[in-house]
Amino acid sequence: MQPEAPEESPATAQAPVSTGSRVVRNSLWNTLNFAITLPIGLYLTPFVFGSLGDADYGVWAMIGTFTSLTSLANLGISTALTHFVAAHHARGETDIIDRKVNTAFVVYCIVAALVSAVLMPLMPWLARTFFQVPPARIPQIVLYLRASTLAFFAVLVFTGHFSIFQGLQRFDLLNINAIAWSLVSLGGTVWLLGAGYGLEGLVWFSAAQMLVSIAICWLLMKSILPAVGLRPWRFCAADAAEILRYSVHVFLGSLSGLMMAQLDRLLIGYFLEIRYAGYYQVPSDLVTKARAIPSNLIGPLMAAASHLAAKEETEKVRQLYLRGLRYALILGLPGFLWLVQFAAPFVTAWIGPGKAEMVMTLQVLALAHLANVLTGPGTQVLAGLGAPQYGMWVGMGALALNLIVTVATVRELGYLAVVLGVAAGYGLAALCFFPVAHRRLSVTSLEVLSSAVWLPAAAGALASCVMYVAGASAWATSFAKVLLTIPAYSAAYGASLLLLGFPGEQDRQLVERHLPAWVGRLPGVRR
């Protein structure tokens, strides 16, 4: 007989809360993390770029690229476990959670050992092929690559256990940990570069951070689900097969998504001078930060959908998608539009004049990533329903299109081909995704346009027109003035939303129903 499904396990010692409240709470924590870490990133990027110089910053960017590629050894298992942990937790099956995460631990240990055995001897060839640097620097780069990769694999083997945070929708702990490490990274980076340790100091500092994070995350995980431990003898072949059947789709999607994110840098490293890797890295990082705004809401959708699907609440899943897409666009669209409109004055004031490649890259990547973000709510909800193949198709389609366009034109267009390849991949993949996903989720395109798309699109267009008429790009001649365009654009966007009737009664009821308890106690807020 199945045990009664509690809203929260006894270990969490929290009052039951609805799935909608969890999504709102987790989104608020993600937003807090973004609000704190964004200025840190905005400060560190030009600081590191200026401290290292074009060449060393390009090397640093390429090391990050290869470290990111090693995350393919994850095989999509952590995402699969997030799904299974959420479903088993909804049914109160803590013992099965313990067995599955320990099964994943054994699988990860095997994968890490095999990949390390293959990858480590290849490091000299990778360094010579993708790092256009003087031959005397190759042994140093090989050492950096090996140290970064081994530190990552040390974290990898515990990833199954750490998937419990997302499976239990404890984004508060995830974000507190991320904020703390961002502050540590800020202080450490500034001190290391100020003391003259340069690129070498950054590499060893990054590896040390990854190792220390293992112990901290383990303690946090035990605080929310103490019944789960490190018990590799609980390995279960049937569980491994079930996890891998799910994760293979996630892995292929992750493979294509990661290659999509890193292919441009690999092509730059292979075809072009290493300095172009730095020119691409700076706007790419900035667009990634803009993506974090809608991702604050998109991130919790998978676990929430898994929880609802386990209780067979189909209509709530459909509404979860529509509302997730609506609010992700309302929160995220203005950031991308601002980047397009103010790319030139921002890059000039932030990095310096004469960076036309960065300006063009920032504008094109902002539009390309906006198209990709639009697919996020659908892929997350569908993955929560046990259908991760949709995300796989989006990623593989975008990768194939990117590769075709870039390789076909890079000899003639050079750096521009790399940027246009990303735009073609993300844009066309999104156009193909929506009809299929909407059919699976039982929503119509008209329903999506009317309930999710038209309002933020119209408000964004009005805000951009207001800023253009006001000549904001012309008077934003310093970094302080460029920053002033952010609240000005936000005010214009907010006024446009109000003019168009947002928030409506349904929006107010939704927010009031799912506000955290401490917000509800504020003066003037109705519960």
Side-chain angles (χ1 to χ4, degrees), residues 27-28 30-51 179 182-183 186 189-190 279 281-297 327-367 369-370 373 455-500 502-503:
S27 299
L28 289 173
N30 287 346
T31 301
L32 176 63
N33 180 13
F34 174 78
I36 293 174
T37 57
L38 175 62
I40 293 175
L42 290 176
Y43 170 75
L44 282 181
T45 297
F47 177 78
V48 175
F49 188 89
S51 299
I179 291 168
S182 294
L183 295 173
L186 171 64
T189 300
V190 171
Y279 289 168
Q281 182 72 19
V282 171
S284 178
D285 281 348
L286 191 58
V287 172
T288 300
K289 291 178 175 61
R291 285 189 65 129
I293 300 174
S295 296
N296 292 338
L297 184 59
Y327 292 113
L329 269 174
I330 288 173
L331 292 173
L333 182 62
F336 290 108
L337 295 181
W338 183 89
L339 287 176
V340 173
Q341 189 167 6
F342 293 96
F346 182 80
V347 169
T348 300
W350 190 39
I351 303 298
K355 298 292 188 294
E357 297 97 336
M358 286 189 185
V359 173
M360 177 271 297
T361 303
L362 182 55
Q363 291 173 323
V364 175
L365 289 185
L367 294 175
H369 281 258
L370 172 60
V373 163
L455 178 67
L462 283 174
S464 294
C465 289
V466 168
M467 299 300 287
Y468 176 79
V469 172
S473 296
W475 58 256
T477 54
S478 67
F479 192 66
K481 291 180 179 180
V482 171
L483 292 181
L484 285 176
T485 65
I486 297 177
Y489 188 93
S490 300
Y493 180 73
S496 299
L497 286 174
L498 292 174
L499 181 65
L500 295 170
F502 179 84

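Tyr493 and Ser464 are not linked by any side-chain donor-acceptor pair at a separation below 3.5 angstrom, with hydrogens and angles left out of the test.
Contact annotation: the side chain of Val347 never approaches that of Pro283 to less than 4.5 Å [non-hydrogen atoms, C-beta and beyond].
We find the CG-CD distance between Leu362 and Glu357 to be 13.0 Å, quoted to the nearest 0.5 Å. A distance of 12.0 Å separates CD1 of Ile36 from CG of Leu186, quoted to the nearest 0.5 Å. Going from atom CG of Leu483 over to atom NZ of Lys481 covers 12.5 Å, rounded to the nearest 0.5 Å. With rounding to the nearest 0.5 angstrom, the OG atom of Ser284 is 5.5 Å from the NE2 atom of His369. Atom OH of Tyr43 and atom OG1 of Thr189 lie 10.0 Å apart (nearest 0.5 Å).
Shortest non-hydrogen contact noted between Tyr468 and Gln341 is N-NE2, 3.5 Å. The two residues Leu339 and Ala366 come nearest to each other via the heavy atoms CB-CB, 4.1 Å. Contact between Ser496 and Leu462 at its shortest, heavy atoms only, is OG-CB, 3.4 Å. Residues Leu337 and Gly460 come closest through the heavy atom pair CD1-CA, 3.6 Å. Considering all non-hydrogen atoms of both residues, Ser478 and Ala349 come closest at C-CB, 3.8 Å.
Not counting sequence neighbours, the partners of Thr485 by the side chain to side chain donor-acceptor pair (under 3.5 Å) test are Trp338. Take Pro294 and apply the side chain to side chain contact (heavy atoms under 4.5 Å, CB included) test, not counting sequence neighbours, and it matches Ile298, Ala328, Phe336, Val373. Residues satisfying the side chain to side chain contact (heavy atoms under 4.5 Å, CB included) test with Thr348, not counting sequence neighbours, are Pro353.
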Do Leu44 and Val190 pass the side-chain contact (heavy atoms from CB on, under 4.5 Å) test, and can you show the C-alpha distance, the side-chain angles, and the key distance before you say yes or no? CA-CA 8 Å; Leu44 282 181; Val190 171; 4.2 Å; yes

